[in-house]
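As structure tokens, the structure follows; a few thoughts come after it.
Lettering of chains follows the sequences in order, A, B, ..., and the numbering in each one begins at 1.
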Protein chains: 2
Amino acid sequence: MGEVGNAGLLVRKVASVAHLSAEERAALERLPMSIRSIPARQDIVRVGDRPSQCCLVLAGFAFRYKLIGEGRRQILNFHVPGDIPDLQSLHLPVIDHNLAALTPLTAGFIRHDAVHEVSARFPRITGALWRNTLVDAAILRERVVSIGQRDGLSRTAHFLCEMAKRLVAVDLAPGLVLPMPITQVEIADALGLSPVHVNRMVRELRERRLIALDGQRLEILDWDALARLGDFDATFLHLQADERPRLP
Amino acid sequence: MGEVGNAGLLVRKVASVAHLSAEERAALERLPMSIRSIPARQDIVRVGDRPSQCCLVLAGFAFRYKLIGEGRRQILNFHVPGDIPDLQSLHLPVIDHNLAALTPLTAGFIRHDAVHEVSARFPRITGALWRNTLVDAAILRERVVSIGQRDGLSRTAHFLCEMAKRLVAVDLAPGLVLPMPITQVEIADALGLSPVHVNRMVRELRERRLIALDGQRLEILDWDALARLGDFDATFLHLQADERPRLP
DNA sequence: CGCTGGGTTGATGGAGCTCAAGGCCAGTGG
DNA sequence: CCACTGGCCTTGAGCTCCATCAACCCAGCG
């Protein structure tokens with residue numbers, strides 16, 4: 001239940017995709033943001049809500065999902081620090097899916113009207129935020145391709161490559177060792193596979209010496225082979241130059 | 001190779017989602033738009049392109065797709081008159097998927113700089129366009145859910161419901177009879193099923209007296225049953241009041 | 001020290017893929 | 001007028017990937 005807080009990450013993320021001016025960055029920094037800690041697995045926003053704020057992930061992972069009849073769940077995306085998972089609520093008032101903390105989460109909440117106001121004064125901030133939602137959509141497109149066309153092994157490899165790139169982009173991956181606090185059940189729900197099958201696919205990737213994965217930590221042992229297997233091409237992440245430091 | 005042309009549809013579509021003022025509508029109408037006819041199956045924009053304009057569908061259907069190794073294709077979405085399939089290119093300069101005409105197409109091309117200019121003068125137009133891209137993302141989310149969680153029959157039913165609602169929203173569906181110039185192969189590539197299986201699913205829906213479908217024309221015989229089978233809830237389309245005239 | 005949440009493994013079956021062939025129809029050209 | 005062609009739809013048969021069911025293991029924890 002925090003106070004106006006550190007918007008550094010917001011600036012870093014938003015600014016990096018649009019090369020904003022110092023004045024624009026300052027305006028972002030000044031956005032009032034209330035910081036809250038949220039326990040793992042707790043919902044933040046639910047289907048049908050009409051939130052008046054949006055949520056910046058500061059530390060920990062979040063995820064978005066939809067439930068359908070008979071206890072099935074589709075995870076739409078995972079979110080890492082720097083993401084604003086529900087930015088779309090700025091212009092789609094009724095939320096059509098759930099947002100929850102995956103790990104214990106530190107999140108900053110920013111009121112819509114504050115965003116609208118900054119956005120009105122600085123059109124390039126509007127563009128940067130808009131772009132953010134467009135990248136989210138691009139990730140979804142690639143997810144559709146994965147689930148629709150790739151087999152289990154390739155799909156799993158692709159997913160790990162995607163998470164790796166995204167974590168590297170926010171400097172959370174020292175070398176090719178990544179925090180990956182995602183259970184196999186959650187990976188399964190994200191990839192449209194059964195947990196049992198995900199387990200087998202992970203085992204296969206391990207046996208091929210492509211990865212080491214233990215539920216908290218993913219180490220990529222052979223990036224090239226993993227990317228080839230997953231048919232991974234990072235174009236869809238639309239990373240800017242300053243967002244792709246490492247990784248081939 | 002047309003001239004400055006009829007932007008009525010643009011206004012109708014964009015304005016309907018944001019209740020724009022007369023002045024704002026007029027600004028949209030004045031956007032220079034060059035009209036072109038495009039033969040069926042021809043690409044309009046390709047992966048890697050950096051278009052300087054975006055494309056408003058005036059008549060006919062378009063679709064977006066990605067190709068992956070070994071001749072597999074995932075269709076991401078179909079587009080009906082009123083849609084602006086590549087609006088995202090406004091802020092994501094490099095195109096990450098292909099856009100093609102499904103049927104013979106009439107499309108209006110509007111230069112990015114013209115859009116940016118109008119958008120700078122009228123923040124609510126920005127909002128309306130942004131919202132457009134967000135609805136596109138919402139449709140993608142629901143597609144992920146379909147492909148990831150629903151079986152073939154339910155997936156097919158859901159897809160037909162979605163297309164029906166979208167066509168009704170642009171007044172292209174007199175009663176529950178819809179133009180549906182989509183081959184079964186294309187439906188298959190959109191739903192992540194094989195063409196053979198789509199054929200069987202369509203047959204099943206026909207035998208259950210839920211639909212009549214002949215490759216040009218879909219008639220929905222029992223909306224309630226079809227929606228129930230497809231687990232269809234139109235919330236994700238984020239239709240405004242003036243976009244949902246008919247259908248229960 | 002029992003419990004719980006996650007991971008792991010085996011066995012079985014089914015939804016959906018692939019391969020293959022044939023039918024229907026519209027368009028085309030002789 | 002009719003043979004021919006190419007799309008598209010349709011149907012059958014066999015097979016495979018992956019879901020499901022059912023254990024069991026292990027570590028952390030109250």
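- Donor-acceptor pairing under 3.5 Å is recorded for the side chains of A:R166 and A:N77.
- Counting any heavy atom pair closer than 4.0 Å across all strands shown, A:R150 reaches no nucleic acid atom.
- Within residues 177-184 of chain B, the residues approaching DNA chain D are B:T183, B:Q184, by heavy-atom distance under 4.0 Å.
- A salt bridge is absent between B:D222 and B:R209: the closest approach of a Lys/Arg side-chain nitrogen to an acidic carboxylate oxygen does not fall below 4.0 angstrom.
- Residues from residues 186-202 of chain A with heavy atoms under 4.0 angstrom of DNA chain C, sorted by number: A:V196, A:N199, A:R200.
- Contacts of A:R206 with the nucleic acid, taken as non-hydrogen atoms under 4.0 Å apart, involve only primed sugar atoms and P, OP1 or OP2.
- Salt bridge status for A:D136 with A:R64: present, with a side-chain N to carboxylate O gap under 4.0 Å.
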Less than 3.5 Å apart, which donor and acceptor atoms pair up between the side chains of residues 190-202 of chain B and the rest of the protein, not counting sequence neighbours?
from, atom 1, to, atom 2, distance (Å)
B:S194, OG, B:H197, N, 3.2
B:N199, ND2, B:Q184, OE1, 2.8

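- Remark: A:E219 does not engage A:R206 in a salt bridge, criterion side-chain N to carboxylate O under 4.0 Å.
- Contact check for B:L218 versus B:I211: side-chain heavy atoms found under the 4.5 Å cut-off.
- For DNA chain D, the outermost nucleotides in 5' to 3' order that have an atom under 4.0 Å from a heavy atom of chain B are D:dC8 to D:dA13.
- B:H79 contributes atom NE2, which lies 9.0 Å from atom CG of B:D86 (distance to the nearest 0.5 angstrom).
- For residues 137-196 of chain B, the pairs satisfying ring-ring contact (aromatic ring centres under 6.0 Å, His included) are B:F78-B:F159, B:H158-B:F232, B:H158-B:F236, with sequence neighbours left out.
- Between the side chain of A:S89 and the main chain of A:L92, no donor-acceptor pair closer than 3.5 Å is present.
- Defined by atom type and a distance below 3.5 Å, a donor-acceptor pair is missing between the side-chain atoms of B:R143 and B:Q74.
- Using a 4.0 Å cut-off between a side-chain N of Lys or Arg and a carboxylate O of Asp or Glu, A:D43 and A:R46 qualify as a salt bridge.
- Interface limits on DNA chain C: the 5'-most and 3'-most nucleotides within less than 4.0 Å of chain B heavy atoms are C:dG16 to C:dC19.
- Atom CG of B:D189 is separated from atom OG1 of B:T183 by 8.0 Å, given to the nearest 0.5 angstrom.
- Put simply, CG on B:L76 and CG on A:L140 are 10.5 Å apart, with the number rounded to the nearest 0.5 Å.
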